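The structure appears right after this line, and notes come after that.
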There are 2 protein chains.
Amino acid sequence: MGLSDRKKKILQIVVDDYIQTAVPVSSKQITSKYLTDISSATVRSELSALEELGYLSQPHTSAGRVPSSKAYKLYVTELMQKDKKLTQSELDYIKSVFLQKADNIETVLKSATKVISELTSYTTLAVSSHEASDRLVNVKLFRVKQDSALLIILTDTKIFKDNFIELPADMTDDQLEETNNILAKFCQGKTIEEFCDTELELEDSFLGFKHIFLNVINALKEYIEQSECYTEGEDKILSHPEYADVVKIKEFLSVVTDKDKVFDLMSGEDKELKINVKVGSEGYDNIPDGCSLVSATYFAGGTKLGTYGVIGPERMDYQKVVAVIEHVGQIIESILKNR
Amino acid sequence: MGLSDRKKKILQIVVDDYIQTAVPVSSKQITSKYLTDISSATVRSELSALEELGYLSQPHTSAGRVPSSKAYKLYVTELMQKDKKLTQSELDYIKSVFLQKADNIETVLKSATKVISELTSYTTLAVSSHEASDRLVNVKLFRVKQDSALLIILTDTKIFKDNFIELPADMTDDQLEETNNILAKFCQGKTIEEFCDTELELEDSFLGFKHIFLNVINALKEYIEQSECYTEGEDKILSHPEYADVVKIKEFLSVVTDKDKVFDLMSGEDKELKINVKVGSEGYDNIPDGCSLVSATYFAGGTKLGTYGVIGPERMDYQKVVAVIEHVGQIIESILKNR
DNA sequence: GGTTAGCACTCAAAAGGTTAAAGTGCTAAC
DNA sequence: GTTAGCACTTTAACCTTTTGAGTGCTAACC
């Protein structure tokens with residue numbers, strides 16, 4: 001069911017114009033601004049056909065046409081210009097932010113969220129995932145009080161997490177060091193999953209400390225389940241005319257300000273570095289009604305770092321959003337490679 | 001300029017009623033619901049006098065009275081019933097949350113923010129402060145790669161922070177251990193401020209590592225400046241009728257979703273455990289127009305843990321908010337004391 | 001057969017007008 | 001000092017009219 005070239009062109013014009021203006025697009029608009037060589041009556045019959053096919057709709061009989069979800073989907077995959085370039089000042093801005101702040105993965109995630117939100121003018125979400133397949137670099141206990149230690153988990157992407165573990169009150173520093181040596185040997189080159197599955201064999205003299213190792217494993221399991229969640233620009237949605245209604249704002253904010261819901265939203269199946277676009281809420285029950293989500297998962301050296309997403313009205317500047325997310329992804333990857 | 005008892009009573013009724021209903025209070029309302037023994041005409045003249053004194057105003061001539069900021073201020077300090085008790089289920093809820101999650105200070109802060117927001121139905125903000133007067137328990141470097149180490153800072157309130165420090169490539173493990181011993185000795189019982197001011201005397205053989213110590217001090221100074229910021233229930237504001245207007249919502253959200261602004265808001269001068277109420281935006285230029293902020297700073301063993309605040313419309317249920325904040329503060333303190 | 005001018009038709013948004021209800025302030029009497 | 005009574009004010013709700021934008025259809029045109 002291929003659309004004729006002219007239909008595609010007209011559909012693209014309608015979507016482009018509507019994304020920019022938020023005003024239903026009329027046949028006259030199209031002929032005066034874009035297609036000056038054909039008459040509005042011709043366009044009108046094409047629009048009517050596109051409506052028949054489900055790509056457009058009218059808010060009311062005497063209004064212009066508005067794209068449907070189906071139109072946005074086609075727009076994203078086929079119609080829109082995909083190699084949109086960011087301006088030099090935007091590129092410079094991105095670079096400057098990441099040069100400054102790249103100390104640890106959390107900072108990078110936070111900065112990325114902020115940068116994306118700033119440049120796109122949409123709410124930006126991110127979750128940092130801790131995967132069972134993350135490779136461990138070291139696991140170490142660090143005594144705090146006589147009977148408790150801080151657990152440090154280091155993975156190859158330098159993400160790490162902290163947790164308190166109880167120690168037997170009579171454990172000596174030497175014994176703790178020995179424990180750390182055993183932990184270091186155990187985790188050598190293993191993924192978290194592999195570490196947790198390892199049957200640990202302790203010397204008899206160490207059996208009394210077995211529960212420490214079990215606690216470490218528990219902490220690792222907990223670590224996998226946890227994920228940090230970052231949000232920026234929750235207020236950005238208000239600049240868009242479709243959110244003039246308090247009820248809609250409420251619906252949007254109740255999702256975006258709830259970390260659990262954000263996590264649900266972002267924990268898609270996307271295993272590729274490719275950009276994922278979900279238009280409209282149909283089929284995706286987590287996305288607020290009438291919203292779209294553009295997301296990407298960033299990797300460094302095979303390890304999943306986290307997922308980013310821009311969420312906004314269906315009438316979203318997909319070109320810009322895709323360009324920004326793509327570029328930030330490249331920058332992050334190059335930063336993490338060089339360290 | 002003492003108000004007569006009757007004026008106070010009437011003012012209290014107006015504020016109470018308006019907080020509950022958000023509808024301008026009329027003289028008839030007052031006489032039929034609260035003061036059945038006097039006539040509405042009498043109340044009317046009192047209301048008129050209260051308006052003259054700046055405690056009340058009218059949205060328009062044929063409307064009831066609405067409290068002014070001045071009225072809310074008086075209400076908070078004098079008029080409102082202060083020993084409002086939480087219900088048993090509310091108390092149980094608070095207890096259950098904190099029993100479950102008290103692993104580290106960040107978790108406690110997050111839970112507290114959530115609990116307060118949930119129980120009050122207002123947006124809740126919190127910042128965890130790192131004070132120069134925090135007492136150090138230990139400072140330790142933990143090698144990650146040959147040339148970089150993770151810095152762990154432990155203070156007596158168990159808050160801690162992490163940061164990477166560069167090591168000379170040829171530094172041995174023994175030298176690192178020695179460095180840690182020196183750090184441990186140096187920080188013994190000192191506050192962060194004292195630690196940073198200490199003139200460190202190194203043995204000749206260790207002078208080559210002096211920059212490590214300087215970096216640690218820098219990290220500590222950075223640590224003091226940093227502060228985490230938690231927000232919950234940004235969407236709660238939308239339930240209140242005064243926020244039916246998108247412009248007002250925008251103003252509110254632009255403050256509440258901006259971590260820098262939240263920090264400004266919360267970094268008041270409050271050194272006491274007392275509850276601080278800022279009514280209306282006049283004089284406090286960070287608070288969004290027409291908002292009030294009820295905040296408290298929590299301490300544990302003399303160390304400032306962080307500041308909490310509930311922000312919402314001037315027409316806020318101060319009784320409830322104060323009661324919740326007070327109670328959560330007590331719970332946190334008792335938790336942190338028993339560990 | 002596609003394209004176009006012309007025109008009747010539809011609908012929403014804006015503007016204007018009317019009414020009803022709520023609440024006050026004032027006055028005169030108690 | 002308190003109260004009943006009444007005139008006055010103002011908003012909110014409702015209805016009506018007008019205006020303008022945009023379409024769909026038809027008949028003519030190439």
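Remember, predicted model here, so these are calculated numbers, not experimental data. Labels below follow one simple rule: chain letters A, B, ... track the order of the sequence lines, proteins then strands, and each chain is numbered from 1. Any value given below was found using the heavy atoms of this structure, including those in side chains, with hydrogens, waters and symmetry copies removed.
For Asn286(A), there are no side chain to side chain donor-acceptor pair (under 3.5 Å) partners two or more places apart in sequence or in a different chain. With sequence neighbours excluded, the residues that form a ring-ring contact (aromatic ring centres under 6.0 Å, His included) with Tyr122(A) are His240(A).
Across all their heavy atoms, Val321(B) and Val310(B) have their closest contact at CG1-CB, 3.8 Å. The minimum heavy-atom distance between Ile249(B) and Tyr243(B), with the atom names listed, is CD1-O, 3.6 Å. Closest approach of Lys236(A) and Ser117(A) over heavy atoms only: NZ-OG, 3.3 Å. In this structure, Ser254(B) and Asp235(A) approach most closely via the heavy-atom pair CA-OD2, 3.5 Å.
Tested against Met316(A), the residues Ile19(A), Val294(A), Thr120(A) include a single side-chain contact (heavy atoms from CB on, under 4.5 Å) partner, Val294(A).
Residue-level contact check: Ser27(A) touches the backbone only, with heavy atoms under 4.0 Å from sugar-phosphate atoms and none from bases.
The distance between atom NZ of Lys28(A) and atom P of dA21(D), rounded to the nearest whole Å, is 8 Å. We find that CG of Leu50(A) is positioned 13 Å from P of dT23(D), with the value rounded to whole Å. Going from atom CG of Leu47(A) over to atom P of dG22(D) covers 12 Å, rounded to whole Å. Rounding to whole angstrom units, CZ of residue Arg44(B) and C1' of dG1(D) are separated by 15 Å. Remark: P of dG22(D) and CG of Asp17(A) are 11 Å apart, rounded to the nearest angstrom. Remark: C1' of dT23(D) and CD of Gln29(A) are 15 Å apart, rounded to the nearest angstrom.
The 5' end of DNA chain D is approached more closely, in terms of each residue's nearest nucleotide, by Asp37(B) than by the other of Asp37(B) and Gly64(A).
Between the two ends of the helix from dG1(C)-dC30(D) to dC30(C)-dG1(D), each summarised by a five-pair axis, the helix axis turns through 20° (rounded to 10 degrees).
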Please tabulate, for the side chains in residues 34-44 of chain A, all donor-acceptor contacts under 3.5 angstrom to protein atoms that are two or more places apart in sequence or on a different chain.
residue	atom	partner	partner atom	Å
Tyr34(A)	OH	Asp17(A)	OD1	2.5
Ser39(A)	OG	Ala41(A)	N	3.3
Ser39(A)	OG	Thr42(A)	N	3.3
Ser39(A)	OG	Thr42(A)	OG1	3.1
Ser40(A)	OG	Arg44(A)	NH1	3.4
Arg44(A)	NH1	Ser27(A)	OG	3.3

All N/O contacts under 3.5 Å from nucleotides 7-11 of chain D to the protein, with atom names and distances to one decimal?
residue	atom	partner	partner atom	Å
dT9(D)	O3'	Thr61(B)	OG1	3.4
dT10(D)	O2	Ser62(B)	OG	3.0

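Within the 4.0 Å cut-off from OP1 or OP2 of dG1(D), not a single side-chain nitrogen or oxygen of Arg6(B) is found. Within the 4.0 Å cut-off from OP1 or OP2 of dT2(D), not a single side-chain nitrogen or oxygen of Ser39(B) is found.
On the nucleic acid side, DNA chain C has its first and last nucleotide under 4.0 Å of a heavy atom of chain A at dT3(C) to dA12(C), going 5' to 3'.
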**OP:** Would you check, one step at a time, whether the test side-chain hydrogen bond (donor to acceptor under 3.5 Å, both in side chains) holds for Thr257(B) with Glu234(B)?
**Re:** CA-CA 8 Å; Thr257(B) 61; Glu234(B) 295 94 324; over 6 Å; no
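Between Arg65(B) and Glu51(B) there is a salt bridge, with a side-chain nitrogen of the basic residue lying less than 4.0 Å from a carboxylate oxygen of the acidic one.
Rounded to the nearest 0.5 Å, atoms NZ (Lys114(A)) and NZ (Lys259(B)) are 9.0 Å apart.
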